[in-house]
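Read the structure below first, then the notes.
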Amino acid sequence: MLFIADAIDQFRNNPLYLIKEGFIPEHEREIETLLAMCNGYLGTRDSLGEVTKFSDPGTYIAGLYENISGDQYNELVKAPNWTRQIIYIDDELIEISKTNIIYHLRYIDFTRCTISREWKVIDSIGRITSLKAEKFVSLHDKHQAGKSLYIRPENYCANIKVISGIDSGKVNDDKIEINSHIDYTSGIAMQMRVKSSNKAVFMGQSSNFYLDGTVINKEGLSYEAAVCHGDQALGIMVHEEWVWPAKIGQEYEIKTSVGIYTHADAQNADVKEVAKQYFSHSDDCSFDKSLDLHISSWNELFNNSRVYVEGSIKNQREINFSIYQLIISGQFSGINSSIPARTLSGSAYKGHVFWDTEIYLTPFYTYTNPEITKNLLMYRYNTLEGARHNANKEGFDGASYAWESTDNGYEMTPHFIFMPNGEVIRIFSGKAENHISMDIVYAIWKYYIATEDVDFLVNYGSEIIFETAKFVMSLTNKGKDGKYHIRSVIGPDEYHEVVDDNAYTNFLARFSLRVALKVKDLLISQYKCKYEELENKVNARENDFEEWQAVADNMYTGIDSNTCLIEQFKGFFDLIDVNLESYEPRTAPMDVVLGRDRTQASKVIKQPDALMALFLLDDVFKNNEIKVNFDYYDPKTSHGSSLSPSIHSILAAKCGYSELAYKYFVQNTEIDLSNIMGNASGGIHIAAQGGVWMSIVFGFSGLTVFEEGLVFSPLLPPQWTSLAYNLHWKNQKLVIDITVDSFKVVNKGNTAVNLSLEKDNGIKWRNIEPGIEYYAIKKDKWLWS
Amino acid sequence: MVIDKEGKSSNVVLLPIDGSSTSFRALSFAKKIAEKLGLKIKVIHVSENEAESSETARKFMMHKYELAGYVITSRCGIPSEVIIEESRQSRYIIMSSHGATCDMSKLIGNTTLKVLENADIPVLIIRPNIEQFWLEEDWKLNKVLIPLNGTPGAAKALVPVIEMIAKTHAEIDLLHIATQGKAHPAEAGTLTSPYYVDYPQHEWPQWTQEFLKRFSTILEANHNNLNFNLSLSMGDPAQEILTVAKQNKYDLIAMAWHGKLGSLRAETLKTVVFNADCPVLLVRVPEV
């Protein structure tokens, strides 16, 4: 058995391992999040097998929402915890917070996509035991997970007892029903059912016991499958139990494969029967086979989307972590559920889905594994009825996607919040943060441009795009200035609520209408049947299209034609200037420091807003136009959101500020990984992880995506000597390799694509033919060799 | 805190008295706490010379009925050093912030400062000009305010304080004060107010939940099911503590502190002690 603890110095410097050493109780819930296992279908926090009073174990299934709290908002239902492993030496419980530890470490192994725990303990009478546990949630089969436990008595012979099971935890008995099953010949199982809706989760496990690597039949052991309540169980626990006379130096291992299903998988069949059938094929789902297939899938996914940097092992590890989180969150996500803003790694935000998915996550998937983006956008298509309902409820046309969405697309944003200082604050986002619908259109169009997936655009995306166009039209009003205005909205900068002519919203509204008109032309010219179907379904006619064009052409944007400065919203320039630097350092967001009223009256911005529009639409803005706005808005941005630093990193790089870009990059990587912020306990900030990838690709390598091709303007931070990654574009795989003064690209596909290294002074496209290495060097400007 | 061979902690409340009327102000509080917790009061007088000792004995006689039944020890030496020595056999120190000189130009008297700086056990400070209300009324420990800076070390230091409060069944309100102008504490496991609030409707309830979980688990130590409330405020820590304490009429403020108490240091602590309407219980965070 490999223990990395035996060569810990070597592994500490290996960016393919994220290691958390020791046991700091206060950190426990953060570590549970950081080391959570996920595959997009299910996610499980990395709680210690014995569960301590510092633990917050949780397994969440994508799309399994229910109104558990009794308020009107759906939330992710906490499913039973399949990771329980309890160890006794004779009668002494091995519990991390009570047993003396010789060492203890947990880590993500980026070479296997597994979560491991290694620890050596010395009990009250001096018996030393070496232990290792490994867990995974399969990226090969979404229903599979696994856990193993290795035990080696170092200096004693004694009876060892291991209880491995599935614990229902502290369920809400009024709402949740737990049924246990121990009659399987090959394992044990538990069903959790939501009483009011018949939504159900079914978990089963089956194990093998090994002595020095050889499997031992259950008949040869003191083995029992049982149900218990109390003692070490938090709720009802179905478990397998082994007791054996352990001998000094011998190696014992229990390998457990776990299967997880929901009512949705069973469709009309009994979920128990579906799971039973699964376990009847025990060879196919043995721990070793499941793990091998999982590792194989991981390696394929990781190698496909890996980013390599030279110059900083720390940064490389952080990047690996981000890509790991993006892969495991995306793999089986989509269609009927999406990726919650805090993923399936915690209960924060109630598992709700925000614009984070389309704006911060789909770029990674679109350019590395576009099928994931398609599935995520299909979730939006499948919740279109909910969006229509939201628009209708608010008196608008078309479809208005929920600012906070769950399984049905209905708006789930709370109306009020009780602050810890006793203040009650009204939340307007559900009504006024309308840009979410346009963000979805943006993601659809970028996906289409990158993949040319006409089937998706015509059959699914077009309906969303048309309904959004109708929604946008009902938001806009023609002003006396002849321009079209959108009033009373909230842009990404939520410090300024219910404003008129928010630049981000107006730019995205205009973008959405222009996309709708392009799609209309495409349908009329090539997919007439679909056009007619949509014409009737969405009720969009020729005169509507003329109005869409008029609004798109005359949308108020707040841009000064002389200076290129964009006013974030009507009246922003009249607000009070605040010197943010004078408030540093601080441990609170600026709206807490200044108070809400002062913040609203000031130019202090929560996160990029006008700048966000410039980032998303950087193909229509020149870099000097971006720079004018960045120089103005950057000192005013307080980064009160985890969605903020990554965008500033990208834009700083585009403006040529490499040190500043790197500073924001580091700030972003620390959002979840910092040991002193305490941010991560409720779940991964997946948008920040998407932001890590974006700030590398769009920022340091300077990618701007045009419909015709890709433009790169690389600017590496001084800390890095090289950067390399793969990019999927027009169904071709491009291998990008950048140093401080060189750029190399190889097209690994079979069709040439356009690429350029000059954005602003007339793009000269270079045809990148398959199999040929293209190389450029940087002098005063980039020159192809 | 002294733990004897049977694992029991000391059952002594140490009451340093210098004979001044200001120092006797601590007596009524010591009595109530000792009574509530079943502890014994040990009155300690320290004089720097024998002559002063006999004078104090005379003053003690004036309080003979109040002090009846308590162990009274009189010792010569430097007061703060003797008190610290005696505190090694005690569970709590209860004393006035100022002694005989009652130099109110100082936020805390010299002896008390030195005791605070060196004591390993909680020190309850009573200021001489404390609201008469606390002296006349039957002081009960019903509501306690505990400001927490979000570091695990401070929370751990407060465990002996919680031991005391738990026996009184007092309501415990935690207060975290978000600050600006101060860097984020570097201690691992620290949780200050969230820097990033992506979606306030979720972030604040989540943060409140995490803060309570993180620190109630530490504070409870050997107790189960203590109820903690949490509130957040922003601004100058001393002023916020004083304002919140005044508004909610707390019976006690309990604070952990670390570092040194010299001139211009620990101003928050000193300001709170000097201005609080109620007694202030202080415990020093051990240096790591």
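Below, chains carry the letters A, B, ... as their sequence lines are ordered, and counting in each starts from 1.
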Taking non-hydrogen atoms and a cut-off under 4.5 angstrom, which of residues 412-422 of chain A neighbour chain B? A:Thr413, A:Pro414, A:Ile417, A:Met419, A:Pro420, A:Asn421
Any salt bridge (Lys or Arg N to Asp or Glu O under 4.0 Å) involving residues 584-597 of chain A? Give me the pairs, sequence neighbours left out, ordered by first then second residue. A:Glu497-A:Arg596, A:Glu584-A:Arg586
Relative to chain B, which segment of A:Gln667 carries a heavy atom at a distance below 4.5 Å: side chain, backbone, both, or neither? both
Sub-3.5 Å donor-acceptor pair from the side chain of A:Glu50 to the main-chain atoms of A:Ile96, do we have one? yes
In terms of heavy-atom pairs under 4.5 Å with chain A, the winner among B:Thr179, B:Asn229, B:Leu175 is B:Thr179
Checked B:Gly181, B:Gly150, B:Ala155 vs chain A; the most non-hydrogen pairs under 4.5 Å come from B:Gly181
Intermediate values then yes/no, salt bridge (Lys or Arg N to Asp or Glu O under 4.0 Å), B:Lys213 and A:Glu28: CA-CA 11 Å; B:Lys213 264 187 197 170; A:Glu28 191 50 27; over 6 Å; no
Just do the side-chain contact (heavy atoms from CB on, under 4.5 Å) check on B:Leu124 and B:Leu252 with the steps written out, would you? CA-CA 9 Å; B:Leu124 182 70; B:Leu252 179 75; 3.3 Å; yes
So, A:Thr52 versus A:Ser55: side-chain donor-acceptor pair below 3.5 Å or not? yes
In terms of heavy-atom pairs under 4.5 Å, which option from A:Ile425, A:Val592, A:Leu643, A:Ile24 contacts chain B the most? A:Val592
Side chain from CB out, backbone as N, CA, C, O: work out which of these in A:Pro492 comes under 4.5 Å of a heavy atom of chain B, or both, or neither. neither
Below 30° counts as parallel, above 60° as perpendicular, anything between as tilted: where do the rings of A:Phe354 and B:Tyr199 land? parallel
Determine the minimum heavy-atom distance between B:Thr151 and B:Pro185, stating which atoms define it. CG2-CB, 3.7 Å
Which atoms of B:Gln206 come close to chain A, meaning under 4.5 Å heavy atom to heavy atom: side chain ones, backbone ones, both, or neither? side chain
Most heavy-atom pairs under 4.5 Å with chain B, out of A:Ser347, A:Ala588, A:Ser644, A:Pro585, belong to A:Pro585
Looking at residues at least two apart in the chain, or sitting in another chain, which of them share a ring-ring contact (aromatic ring centres under 6.0 Å, His included) with A:Tyr360? A:Trp355
What residues form a side chain to side chain contact (heavy atoms under 4.5 Å, CB included) with B:Leu226, not counting sequence neighbours? B:Ile162, B:Ala166, B:Glu220, B:His223, B:Phe228
